[in-house]
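Right, one structure below, let's go through it.
Excluded from the calculations below are hydrogen atoms, water molecules and symmetry mates; all remaining heavy atoms, backbone and side chain alike, are included. Below, chains carry the letters A, B, ... as their sequence lines are ordered, and counting in each starts from 1.
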Amino acid sequence: MARLFDLNPEQQTAVKCTEGPLLVLAGAGTGKTRVITMRIAYLLHQGASAASILAVTFTNKAANEMRARVSQLVDKPDAKKLTLCTFHALCVRILRQEIERFGYKSNFTIYDEADQLALIRKIIARISATNEKLDPNLAKNLISRAKNEHWRIKEPAGESSLAAAVFHRYQEELKAANAVDFDDLLILTVRLFEEYVDTAEKWQNRYRYIMVDEFQDTNRLQLELVRYLGAKHQNVCVVGDDDQSIYGWRGAEVANILEFEHHFPKPAIVKLEQNYRSTASILGAANSIIRHNPRRRPKTLWSRNGEGEKVVVLEVPDDHEEANFVISEIQKRQQIGNLSWNRFAIVFRMNAQSRLLEENLRRLRIPYRLIGGRSFFERREVKDILAYLSCLANPNDDLNFLRIINTPARGIGNSTIELAVAESNQHQTSVYQTLLSPAFLDLLSSRTRTAVEKFAELLDRYETEVLQPLANLSVIAQKFLDEIDYPGELRRNCKTQEEAINREENVRELIRTLSDYQLRSNDGLIGFLAEMTLDQDRDDKNEDTPDGITLITFHAAKGLEFPHVFLIGLEEGILPHDRSKVDGQLDEERRLFYVGITRAMETLTVTHCATRTKYGSPSPCHPSSFLKDLDPAHVERINYHVIANQPASEGTARTHFAKMRELLGGM
DNA sequence: CGGTCTATAATTTTT
DNA sequence: TTATAGACCG
């Protein structure tokens, strides 16, 4: 463990404190991931078995990154035996073994938010009276909140009668479809531990050492889960930073980290305050902002990186000028230092703010990467194919079944489907089961009957094939798609050739992903589908990331770092956002600003506009109230007009020349 | 039923 | 400005 000497004293303490509860307060850029990975290596070195170590993260990305880094420190077989995953993946793993106690089958399907919404829409349409209206999105949020708040209580929350009815029905239908949603994964696992002491003990014994990353982002249920798992051995190490808690609006409880000792008594507490990322100026600015939050564990970041340039704060006339200024500033620095575009990030509060930037960057032909936007999985063809595969894995999942029952059209029309749904409701069976029943088939015309029988036979045949132990899933999937002529369907539904080609490529991509999956996993189709649902952020996973300026929201920027960071739109109403000025959410907005500041390694520029075009019309803006808290010792306020009137510097002129030549050359 | 029109509202989004 | 949902009409 010679590598231990690479760590600072606090980090070493955190790594070596293996027994009993441990709270690591890891400020931004203080080497948090390093501590966790080293701690895992240290535990193994001390003789702990890899199978007894559990490390939980929030995102798949974090889990993958951690696994990669641990793999460099420990033996390969050990690395494989570690349980290193997200909360939800851990719950899936546990529930695949235990869920039958709750009346589900172990091949349960996981509904993502789109599935949830589709189901809720269906239910609202079915049960609401004509004069009643309920926004499905609102209903989804109510249901999720109710499930999270009342998971101990069987009765739904006292919402409006329609919402309560939808809630009730929703839960019934999920169960009937042998499906669970994201909340259920946590709820059922916690309930499992609560209600079955022997099972709880089994898992407590399994995981002797538990680590939780980003603990400030855990919600109530995730805390419960950790409490149960760690109850016996108490070797629970949580790592996080209350100052970076920015997901309160999604149910994260900062209290979990602020009151850690209530749940795990007498923990060791280690503060990591030495920052390895930023200059002293940037940290000074960050400290001066976060200091104003009342409920927090005080920390003061410091670094040996030197003072660096002062943080620049600049008021610009309007949002167009803002975009202009930021981009030309980046262009200038890129040119002068011959830097790659990768080193620059522009950070904003709302996705809408990226628009102007994009327009400008496109016009100037500067490469950029826009982070965020959930797309791949919202594409119809991807959803369709996953629905097909889902039906092969769990044909009783009505939602997925109905999605594809007549796609491509195969002679099972709406009236037949309605009849089948009605029958299935009456007999409390799935639509698929209904289709198989002779009683139902007798109700149909001979032509429809043939179509239904053919479809049932098709599913049954492939279901069998998929279940073969040595089944090559991607080959089967491809064969299946060809047999139902999905490519044809795709072409028929596309207006342009271009669109069709694009969608076909998406299909190939998915099949390829399935093929890759099978090379590294033995969990079959069920496992693949779960992974697809639990890891939807797989847009550019395969593509090698090209060079470009990063455009990103404050939220999405957490955990990342860039040499040169521009925080834009620091205006009252945007950051802090108007919609968050109710109850105590101002703290979180401040933390958001803090997160933004601490992304910067070398330079930080903050802009705000005097006027901004909001919803089409210009409206005056005031500087964010947070700006006045910035320690003047680390900040330089620049007058925009002075810069604007400067003649173009040599660097800029050269840039323009180069661009022009490039343009001309291309013609 | 499906297309077009009009009113309305407008963060952030790990699983 | 723009996206979306509901109304409205052919």
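- Distance from the side chain of A/R349 is smallest to B/dT11 among C/dT2, B/dT13, B/dT11.
- Across B/dT11, B/dT15, B/dT13, the shortest atom-to-atom separation from the side chain of A/H577 is found for B/dT11.
- Between the CZ atom of A/R250 and the C1' atom of B/dT15 there is a distance of 7 Å, given to the nearest Å.
- Proximity note for A/T553 (side chain, C-beta onward) versus B/dT15, B/dT12, B/dT14: the nearest is B/dT12.
- For the pair A/R96 and A/F108, the cation-pi criterion (under 6.0 Å, within 45° of the ring axis) is fulfilled.
- Contact between the side-chain N/O atoms of A/R579 and the OP1/OP2 oxygens of B/dA10 is found at a separation under 4.0 Å.
- A salt bridge links A/E359 with A/R355; the closest basic N to acidic carboxylate O contact falls under 4.0 Å.
- Atoms CZ (A/R93) and C1' (B/dT15) sit 16 Å apart, rounded to a whole Å.
- Taking atom CG of A/D578 as the reference point, atom P of B/dT12 lies 13 Å away to the nearest angstrom.
- The side chain of A/R121 sits closest to C/dA5 out of C/dA5, B/dT15, B/dT11.
- In this structure, A/Q216 places its CD atom 11 Å from C1' of B/dT14, rounding to the nearest Å.
- Considering only side-chain atoms of A/H555, the nucleotide from B/dT15, B/dT14, B/dT13 that sits closest is B/dT13.
- Going from atom OG of A/S390 over to atom CD1 of A/I404 covers 9.5 Å, rounded to the nearest 0.5 Å.
- A/H555 and A/Y247 have their aromatic ring centers within a separation under 6.0 angstrom.
- Between the side chain of A/R355 and the base of C/dT2, no donor-acceptor pair under 3.5 Å is found.
- Closest to the A/Y615 side chain, of the nucleotides B/dT14, B/dT12, C/dT1, is C/dT1.
- With rounding to whole Å, A/L529 atom CG is found 17 Å from B/dT15 atom P.
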